[in-house]
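Here the structure comes first, spelled out in structure tokens, and everything after it is commentary.
Basis for what follows: all heavy atoms, side chains included, without hydrogens, waters or symmetry-related copies. Within every chain, numbering begins at 1; the chains are lettered A, B, ... in the order of the sequence lines, protein sequences first and strands thereafter.
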There are 2 protein chains.
Amino acid sequence: MVLERLQQVASHLAGHTNPSNPFDPLSTEEIAAAVAIVRQSHPDVFFNTVTLWEPRKEEMMRYVASPETVPRPHRIADVVAIGRGSKVFDGTVDLIEGKIVTWDLTEGVQPLITMEDLQIVETVVRKDAKVIEQCGIVGIPPQDMHKVYCDPWTIGYDERFGSGVRLQQALMYYRPHIDDSQYTYPLDFCPIYNSDTQEIVHIDIPKVRRPLNTAPPTNYHAEAIKAAGGFRTDLKPINISQPEGVSFTVDGRTVKWQNWSCHVGFNYREGIVLSNVTFNDKGTVRPIFWRISLAEMVVPYGNPERPHHRKHAFDLGEYGGGYMTNSLSLGCDCKGAIHYLDAAFVSRNGDPQTIKNAICIHEEDAGILFKHTDFRDNSTTVTRARKLLISQIFTAANYEYCVYWILHQDGTIQLEIKLTGILNTYALNPGESAAPWGTEVYPGVNAHNHQHLFCLRVDPNIDGPNNTISIVDAVAAEAPVGSEENFYGNAFYAKKTKVETMKEGMSDYDGASSRTWEMANEGKINAYSKKPVGYKLVSREVPKLLPKEGSLVWKRAGFARHAVHVTKYSDEQIHPAGRHVPQTSGEPSQGLPAWIAADPEGSLVNTDVVLWHTFGLTHFPAPEDYPVMPAEPMTVLLRPRGFFTENPAMDVPPSYSSTPSQVAAKKQGLTGVVDSLSRLAFGGTAEKGGSKDA
Amino acid sequence: MVLERLQQVASHLAGHTNPSNPFDPLSTEEIAAAVAIVRQSHPDVFFNTVTLWEPRKEEMMRYVASPETVPRPHRIADVVAIGRGSKVFDGTVDLIEGKIVTWDLTEGVQPLITMEDLQIVETVVRKDAKVIEQCGIVGIPPQDMHKVYCDPWTIGYDERFGSGVRLQQALMYYRPHIDDSQYTYPLDFCPIYNSDTQEIVHIDIPKVRRPLNTAPPTNYHAEAIKAAGGFRTDLKPINISQPEGVSFTVDGRTVKWQNWSCHVGFNYREGIVLSNVTFNDKGTVRPIFWRISLAEMVVPYGNPERPHHRKHAFDLGEYGGGYMTNSLSLGCDCKGAIHYLDAAFVSRNGDPQTIKNAICIHEEDAGILFKHTDFRDNSTTVTRARKLLISQIFTAANYEYCVYWILHQDGTIQLEIKLTGILNTYALNPGESAAPWGTEVYPGVNAHNHQHLFCLRVDPNIDGPNNTISIVDAVAAEAPVGSEENFYGNAFYAKKTKVETMKEGMSDYDGASSRTWEMANEGKINAYSKKPVGYKLVSREVPKLLPKEGSLVWKRAGFARHAVHVTKYSDEQIHPAGRHVPQTSGEPSQGLPAWIAADPEGSLVNTDVVLWHTFGLTHFPAPEDYPVMPAEPMTVLLRPRGFFTENPAMDVPPSYSSTPSQVAAKKQGLTGVVDSLSRLAFGGTAEKGGSKDA
């Protein structure tokens, strides 16, 4: 039965029917096949991860260049399994050959915590005698234990327990009613849960006790708002529709839109992965990025009181941005004409699982793309922009992260992240001040200061894999005011500092010089600018990592020490805080610091490099963020600068265009290519103007 | 006849019919009345400006608080007129009393250059013998002078000519054909034009001559793209409509939307002005800003070669962001259901002029407002955001500035500016390098480095006019790693530095500390956070002024020396580079530096203050920006932080909301309040998911 199944899959994968793109995530069939193959030799393991072991870059680049002649890379599964006694196995399984390729017992690490791992903790907590005792101390009687909830987090790192035992910390809450937000009722103690034995092994109890909050509930769900007086009724619908359909095509998971093409991958950890991103430059398909993804993040909290120092979630490396992704809904998460892609994962017991509508792909109007009016005669061209959004939303316990990869017609790729959801909260006694490490956002509710630091991994492929990174600063000329070279003192220029080595690549943000980082191909010169073709990383929300040098977070989240790191490409280097993140001590630091330390002086010039960018924001909570946070957006841009020889969006039809000669001849220009539906808000005609008094 | 007219206007203004709001711009009738009144005593002047002399704040605050009992402030016109011999008069005219209040001859200044002032220069240039001679030198024969164009700029400041004579510099171009972009054919010399005598008084000729560019034209208008192969045809329409109308109301020029209310003013200079901005906080109308506007800007270019140092346009103070504003078109500049407001100005000869559709007011969908999913049961609330945009676009010769004042439901006010239009260009010889002060964006076309620095004037009224400004930095705790106060090194907090004096208010941006500026009312404490209620200025695009200290630009554009200045409120202080900007030498610096120097140590605590914020970007041109620039957006936010006691947008109906108890009972939550029109891109149903392979 298993063998028959394997043969079916192998036959399918060998390309006889609907061969998948080697970048494609593993399908449910492939996950099942991988599990079956593993089970033949390791019948008793539980599965943590079964995901695509991505094709090696060199092999894949050859294949992409000539898919008809180069053999298709094998489909290989990357497997993390957990055996008895918390043993961790890292393996790879060749799905074409139907066999295990590698299978290693990895000691001293803990793979990420899955949703299944999380779900069970609350049940255990409610039954634990010591937890029940602590609940009694803060004012919850034993018969109300069903009103006790917990958000289980990885323990981060706690030196008392080390890395050998798989642990979670349970952030405790209470709900007066099942529909009340528990974040108004944080409990002051923190049980520690052993995932292997499924029991509470310790409870962290603060010196100062904080009894259960007595403030009334504050909720934002519809029933609560209706009960409190109802919603506003003056919001008229805005209808967005595409009666002729969408302007993009999807072939498998390859999306083509305007001049763009890219493969939309997805995995348990990074979520969306864009591969082989190219732009059709007047008939020439030019590679730009080999692979871009959100590779890691960390959310350090700023309260030094134990055990809050353990609150510094690596939401991707410790939980998985894919595993936590939402199933999206038409008209709620995105409006218009939507194409969804599902996501397939493995369950603990090896069954394939599907999250429907995990990825949303849709177009949006994006305002003015360009406009110019000649002041002499009012001849005008105005063209509206369109953007393509490839998005997902994941829920990390209290928070949600809405991730939008946005392609623009002008060659820009934007990563926009919106933060919403609910603040992580802690108990506060009456009269106690939350300052300076937090804010009282509601009576008795202390929301701690925190940062959201994301690590964007960019594998540039700017007209080929051999690229060079430069740090670019806007600086004044050195020559003083009054000198012949700079008499009026107005000279300034873009100072470029080439990143020659990994050591030099560790660079910080400079807001005053509007610092950017350039990714250029020195082997290809722009015909007009006479400089190497390139893209720039433009990012303006780049706070310093606030946990101090040498701190626990600084050690564990090495990627966050600098705004940019640059490494020489390696197939093995995807995860900047390491492959297995939970319970890492940071001694030594995994991921980026280790890779850089291995060859700090190796040349990075004109070779295959990867740029890692840490950006984000520092959040000092305010009452406005509670009981649910209005979405706060932040943006990173990858902009063509000297990549094209002209504005690459001039092929977009204008809304209106007239030339001076048309104006002179009183001839109509080109009108209404895009929109003839717009109307005046209060009647009348466009010619008359919209003023009520007109 | 004049008197009769005056009586009509006075009667109208006295409030018998449709009394205007004292914040309203002057109507065409009022402009005509002001001109008629001036002409009675000064029959021979030309008009530069007739605009609203805004009611004094103290008087107007009293009136706003009790319009039924407090007398309506008089309608007063602020007049700038030019007499024979370039004499400049500044006057005020009381339109209710029908008389001139003040009338002063102002010596040594030049008022701004109007569109009429600009339009005439090209005609003069084409006929000037010396210009014709220079055209011949660069390769344009006399019979082609009709193909010669110029963008007239104010001269900025040129010490050879001083401030006594009203001058413009003519940036010269050529068009092979009337419809070709002249910016591909910049001429290398620069005539200087005397506005008073209407003649060319000098020509700046570079040492190195640069003959007319021989490259073929490059154009972006529709006829050119059609001729070059046509537009892409795969862009399907996105329809945006509001079948039930808009969600805002307009009473005169007072706009109410969601919980917001504000008056939308407009003047020749700042363009849009928002006054008396309030938010209805659960029935209590709370003042937030008394007045916000873009008050000034400067665009310094970074090429030190004479006379390029003169290229540093103060587009608002030297030309007027209102005077240069576009008449907007439905479906082109904005889509959906639009309300337009017109703008009225005076012409040189005193006639009222109207720009139809100068201001666009419309709503847009704004993605997710907030969302949270409980990972236990997938109970979810997701609410979509709406925003209200109040916008204008102005054309400053080659560039366009699209200015969007955006109100958000969560209490945030966003100022978004999009830069588009065409680069200012200069000639470049074959083989000559444009670096380091510019970029060759097309053969023979040198686009110089430049900055766009905008000055946002914010007159806060945070629950009243007496406010205090603080500088807020995100910083690590001082206590070292390993100390008892910060054992794990993760402590960080918001360090607030109160601005006690104007001297202390001169503060720079710090990207590493994510610096913000808080405007707070120390007399009103947030019930939850226990801190003064406040708003924060959040701005991330804040380059340093790159012209050096002591440079011409540094002297003239004092407002751009620091990211923030704070001043004590004065009715007279609206224009941070001075009332009359053209041909100011900066010795002494006008505007902000002068006001601060007058009382650097005066207390700013808990009093009526104004915050001035300079932000923008440094633009190193690239070929992608040519022949027309894709719009580049930048954003400044004014965010409530501790102003409200909870998320103020919870009254917005959700797209979907379910509670845990509804999920447990398998009951439907609240669905589809906002949108039921969204569809799958490629058919199928939402339940099935959108995958082609599903």
_Angle between ring planes, B/H309 versus A/Y488, binned at 30° and 60°: parallel, tilted or perpendicular?_
parallel
*Residue, of B/A491, B/P300, B/P436, that accumulates the most heavy atom pairs under 4.5 Å with chain A*: B/A491
*Contact part of B/K371 toward chain A, heavy-atom cut-off under 4.5 Å: side chain, backbone, both or neither?*
both
_Side chains of A/Q119 and B/R376, donor plus acceptor under 3.5 Å_ = no
*Taking the side chain as every heavy atom from C-beta outward, state whether B/Y442 and A/E646 have any pair of such atoms under 4.5 Å apart.*
no
*Specify which of B/P480, B/A649, B/G642, B/S513 makes the most heavy-atom pairs with chain A at under 4.5 Å.*
B/G642
*For B/K236, does its backbone N or O pair with a side-chain atom of A/R386 as donor and acceptor, under 3.5 Å?*
yes
*Salt bridge flag under 4.0 Å for residues B/D333 and A/R384*: no
*Scan side-chain atoms only and decide if B/S247 and A/D234 contain a donor-acceptor pair under the 3.5 Å cut-off.*
no
*Side chain, backbone, both or neither of B/Q258 within contact of chain A (heavy atoms, under 4.5 Å)*: both
*Among the listed options A/E485, A/H221, A/R306, the residue most often paired with chain B at heavy-atom distances under 4.5 Å*: A/R306
*Within a strict 4.5 Å, meaning less than it, do heavy atoms of the B/M629 and A/F370 side chains meet?*
no
_Counting only non-hydrogen atoms closer than 4.5 Å, does B/N526 touch chain A with its backbone (N, CA, C, O), its side chain (CB onward), both, or neither?_
side chain
*Side chains of B/Y528 and A/P443: does their closest heavy-atom pair fall under 4.5 Å?*
yes
*Heavy-atom contact with chain A under 4.5 Å, split by part of B/T395*: side chain
*Measuring heavy-atom distances to chain A, does B/S514 have an atom under 4.5 Å in its side chain, in its backbone, in both, or in neither?*
side chain
*Given that the side chain runs from C-beta out, which part of B/I393 has a heavy atom under 4.5 Å from chain A: side chain, backbone, both or neither?*
side chain
*Once you round to the nearest 0.5 Å, how far does CG of B/L680 lie from CD1 of A/I338?*
8.5 Å
_Can you tell me which of B/G367, B/S329, B/A477, B/C402 forms the most heavy-atom pairs within a distance under 4.5 Å of chain A?_
B/A477
_Pick from A/Q409, A/E549, A/H372 with the largest number of heavy-atom pairs that fall under 4.5 Å of chain B_ = A/H372
*Judged by atom type as modelled, is there a donor-acceptor pair below 3.5 Å linking the side chain of A/E400 to the main-chain atoms of B/T373?*
yes
*For residues B/F682 and A/H339, report the shortest heavy-atom separation together with the two atoms involved.*
CD1-ND1, 3.3 Å
*Tell me, side chain or backbone of B/A494 under 4.5 Å from chain A's heavy atoms, or both, or neither?*
both
*To the nearest 0.5 Å, tell me how far B/H362 NE2 sits from A/R679 CZ.*
15.5 Å
*Check whether B/V246 gets within reach of chain A through its side chain, its backbone, both or neither, counting any heavy atom under 4.5 Å.*
both
_Heavy-atom closest pair, residues B/T420 and A/L369_ = OG1-O, 4.4 Å
*Does NZ or CZ of A/R641 come closer than 6.0 Å to the centre of the six-membered ring of B/F620, within 45° of the ring's axis?*
no
_Which atoms of B/T412 approach chain A - backbone, side chain, both or neither, heavy atom under 4.5 Å_ = neither
*Over all heavy atoms of both residues, which pair between A/F492 and B/N449 is shortest? Give the atoms and the distance, please.*
O-ND2, 2.9 Å
_Quick one, B/T381 and A/V628 - any side-chain contact, counting heavy atoms below 4.5 Å?_
no
*asked:* Please rank B/N303, B/V542, B/T439 by heavy-atom pairs under 4.5 Å with chain A and give me the top one.
replied: B/N303
*Nearest 0.5 Å, what's the CG-CZ distance between B/L235 and A/F248?*
12.5 Å
_Please classify the contact of B/N647 with chain A as side chain, backbone, both or neither, using a heavy-atom distance under 4.5 Å._
both
*Pairing of B/D510 and A/K544 as salt bridge, 4.0 angstrom limit*: no
*For B/P653 and A/F231, work out which heavy atoms get closest and say how close.*
CA-CD2, 3.6 Å
*Determine the option with the most heavy-atom pairs under 4.5 angstrom with chain B, choosing from A/A631, A/P660, A/A476, A/A622.*
A/P660
*Tell me, for B/I225 versus chain A, whether the close heavy atoms (under 4.5 Å) come from the side chain, the backbone, both or neither.*
side chain
*asked:* Quick check on A/S379 against chain B: is it the side chain, the backbone, both or neither that has a heavy atom closer than 4.5 Å?
replied: neither
*asked:* Can you tell me which portion of A/E122 sits under 4.5 Å from chain B's heavy atoms? Options are side chain, backbone, both or neither.
replied: side chain
*So which of A/N326, A/I368, A/L118, A/L552 has the biggest tally of heavy-atom pairs under 4.5 Å with chain B?*
A/I368
_Would you compute the distance between atom CD of B/E223 and atom OG1 of A/T659 and round it to the nearest 0.5 angstrom?_
6.0 Å
*chain B contact via A/Y301 - side chain, backbone, both or neither, heavy atoms under 4.5 Å*: backbone
_Structural part of B/A385 lying under 4.5 Å from a heavy atom of chain A_ = neither
*asked:* Can you tell me which portion of A/M115 sits under 4.5 Å from chain B's heavy atoms? Options are side chain, backbone, both or neither.
replied: side chain
*Under 4.5 Å, counting heavy-atom pairs only, tell me which of B/D508, B/N486, B/V652, B/V553 racks up the most with chain A.*
B/V652
*asked:* Counting heavy-atom pairs closer than 4.5 Å to chain A, which one of B/S661, B/P543, B/G421 comes out on top?
replied: B/S661
*Closest approach of A/C332 and B/Y656, non-hydrogen atoms and distance?*
SG-CB, 3.8 Å
*Any donor and acceptor pair, going by atom type alone, linking the side chain of A/S657 with main-chain N or O of B/A222 inside 3.5 Å?*
yes
*Does a side-chain heavy-atom distance below 4.5 Å link B/D365 with A/K335?*
yes
*Is chain A contacted by the side chain of B/M650, its backbone, both, or neither, given a heavy-atom distance below 4.5 Å?*
both
_Please evaluate residues A/N490 and B/K548 with respect to the criterion side chain to side chain donor-acceptor pair (under 3.5 Å), reporting the C-alpha separation (whole Å), side-chain torsions for both, the decisive distance (0.1 Å), and the verdict._
CA-CA 6 Å; A/N490 64 307; B/K548 290 172 109 81; over 6 Å; no
*Of the listed residues (A/S551, A/P243, A/G511), which shares the most heavy-atom pairs with chain B below a 4.5 Å separation?*
A/S551
*Select one option (side chain, backbone, both, neither) describing which atoms of B/E244 are under 4.5 Å from chain A's heavy atoms.*
both
*Please determine, among A/A337, A/S658, A/P623, A/G489, the option with the most heavy-atom pairs under 4.5 Å with chain B.*
A/P623
*So how far is it from A/I240 CD1 to B/S678 OG, rounded to the nearest 0.5 Å?*
7.5 Å
*Is A/E624 reaching over with its side chain to a backbone N or O of B/D410, donor-acceptor style, under 3.5 angstrom?*
no
*Judged by atom type as modelled, is there a donor-acceptor pair below 3.5 Å linking the side chain of B/N239 to the main-chain atoms of A/Q242?*
no
_For a quick test of reading the model, state the closest non-hydrogen atom pair linking B/A474 to A/L546 and the distance between them._
O-CD2, 3.6 Å
